[in-house]
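This one's a predicted model, so the numbers in the text were calculated from it and none came from an experiment.
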Amino acid sequence: MKIICIGRNYAKHAAELNNPVPEEPVVFLKPDTAILLKKHPFFIPEHSKEIHHEIELVVKINRLGKHIEPRFAHKYYDEVGLGIDFTARDVQADCKKKGLPWEKAKAFDGSAAVSRFFKIKELNQPITNIQFHLDINGKTVQSGNTKNMLFPVDELIAHVSKYFTLKTGDLIFTGTPAGVGQVFKEDLLELYLEDQRIFYFNVK
Ligand code: MG
């Protein structure tokens, strides 16, 4: 199983980090060891002093596919969940400055927190209009809607499947809306899909 992540897929988030709006999706990977184990807290890793939260809609692939056309992409998933793409922003800034890959900032153990998954049919919303938000200690810090994606899910699947064969169980983190910020020990993170709290955990 692999985790494919999209960066800068919401214009307001690209702007808040002083990044240009991309002309094609920004793609990176996390290994399966990045998955935060169920019912475990997120431990701030020793190699960073500035871990940021990025709430993202996560799409689960349900068929093998490669070179998928956008018009057929919807046949390759039927469930979504939410995740946090934890990012060591200080390490990432250093990697960017030196022109190095991002893995140390993005792919460390526990950096992919993922909720359980829900059938899209049962959400009664199309994939292009799904609302989600993140509360920290009871206050909403990020909220997004998939209608604001620069590259919608079906285009993302078409794009990434040009490079990587998609396999059943692969996950795609589809990018974060604006409002990213630092997490601290003892924070409580609560993730909401539409208005339902579907996942929560603490930072340690
Ligand atoms: Mg992200």
Counting only N and O atoms by type, is there a donor-acceptor contact under 3.5 Å from the side chain of [X] to the main-chain atoms of [Y]?
{"X": "Lys60", "Y": "Phe117", "value": "no"}
{"X": "Lys167", "Y": "Ile61", "value": "no"}
{"X": "Glu50", "Y": "Gln182", "value": "no"}
{"X": "Ser115", "Y": "Phe199", "value": "no"}
{"X": "Lys30", "Y": "Lys106", "value": "yes"}
{"X": "Thr165", "Y": "Lys66", "value": "no"}
{"X": "Asn202", "Y": "Asp187", "value": "yes"}
{"X": "Ser48", "Y": "Pro45", "value": "no"}
{"X": "Asp170", "Y": "Lys2", "value": "yes"}

Honestly curious: do [X] and [Y] fall in one hydrophobic cluster under the side-chain, below-4.5 Å linking rule?
{"X": "Val91", "Y": "Val183", "result": "no"}
{"X": "Val58", "Y": "Val27", "result": "no"}
{"X": "Leu29", "Y": "Val153", "result": "yes"}
{"X": "Ile157", "Y": "Val26", "result": "no"}
{"X": "Ile198", "Y": "Leu171", "result": "no"}

Ignoring hydrogens, what is the shortest heavy-atom contact between [X] and [Y]? Give both atom names and the distance.
{"X": "Pro152", "Y": "Leu150", "result": "CD-O, 3.8 Å"}
{"X": "Phe28", "Y": "Ile6", "result": "CE2-C, 4.3 Å"}
{"X": "Asn9", "Y": "Thr174", "result": "ND2-O, 3.0 Å"}
{"X": "Thr128", "Y": "Thr146", "result": "C-OG1, 3.1 Å"}
{"X": "Phe118", "Y": "Gln196", "result": "CE2-OE1, 4.3 Å"}
{"X": "Ala14", "Y": "Pro20", "result": "CB-O, 4.0 Å"}

**Prompt:** Going through the distances and angles, do Asp154 and Tyr77 end up as a side-chain hydrogen bond (donor to acceptor under 3.5 Å, both in side chains)?
**Reply:** CA-CA 10 Å; Asp154 290 354; Tyr77 62 92; 2.5 Å; yes
Rounded distance (nearest 0.5 Å) linking atom [atom1] of [X] with atom [atom2] of [Y]:
{"X": "Phe184", "Y": "Ile44", "atom1": "CZ", "atom2": "CD1", "answer": "8.0 Å"}
{"X": "Glu190", "Y": "Ile136", "atom1": "CD", "atom2": "CD1", "answer": "10.0 Å"}
{"X": "Leu82", "Y": "His133", "atom1": "CG", "atom2": "NE2", "answer": "10.0 Å"}
{"X": "Leu191", "Y": "Leu134", "atom1": "CG", "atom2": "CG", "answer": "5.5 Å"}
{"X": "Phe132", "Y": "Asp195", "atom1": "CZ", "atom2": "CG", "answer": "13.5 Å"}
{"X": "Thr33", "Y": "Leu36", "atom1": "OG1", "atom2": "CG", "answer": "12.0 Å"}

**Prompt:** Does the separation of the ring centres of His159 and Phe151 fall below 6.0 angstrom?
**Reply:** no
**Asked** Please walk me through it: do Ile3 and Phe173 pass side chain to side chain contact (heavy atoms under 4.5 Å, CB included)?
**Response** CA-CA 7 Å; Ile3 306 164; Phe173 275 65; 3.6 Å; yes
Mind checking whether [X] and [Y] have side chains closer than 4.5 Å, heavy atoms only?
{"X": "Asn19", "Y": "Lys96", "value": "yes"}
{"X": "His13", "Y": "Glu54", "value": "yes"}
{"X": "Tyr10", "Y": "Met149", "value": "yes"}
{"X": "Phe108", "Y": "Ile51", "value": "yes"}

**Complete:** Given the options Gln142, Arg8, His53, Thr176 meets side-chain hydrogen bond (donor to acceptor under 3.5 Å, both in side chains) only with Gln142
**Request:** In sequence, state the C-alpha distance, the side-chain angles, and the governing distance for Glu194 and Asn124, and then conclude on side chain to side chain contact (heavy atoms under 4.5 Å, CB included).
**Result:** CA-CA 10 Å; Glu194 295 295 330; Asn124 294 318; over 6 Å; no
**Asked** Should we say atom CZ of Phe164 is surrounded by more than 12 heavy atoms from elsewhere, each under 6.0 Å from it?
**Response** yes
**Request:** Among Leu57, Leu123, Asn145, find the residue that satisfies the side-chain contact (heavy atoms from CB on, under 4.5 Å) test when tested with Gln131.
**Result:** Asn145
**Message:** For the residue pair Thr140 / Asp135, report whether a side-chain donor-acceptor contact shorter than 3.5 Å exists.
**Reply:** yes
**Message:** Angle between ring planes, Phe42 versus Phe86, binned at 30° and 60°: parallel, tilted or perpendicular?
**Reply:** parallel
**Message:** Applying side chain to side chain contact (heavy atoms under 4.5 Å, CB included) to Ile4 and Leu166, what does each step give before you reach the verdict?
**Reply:** CA-CA 10 Å; Ile4 299 166; Leu166 299 181; 3.5 Å; yes
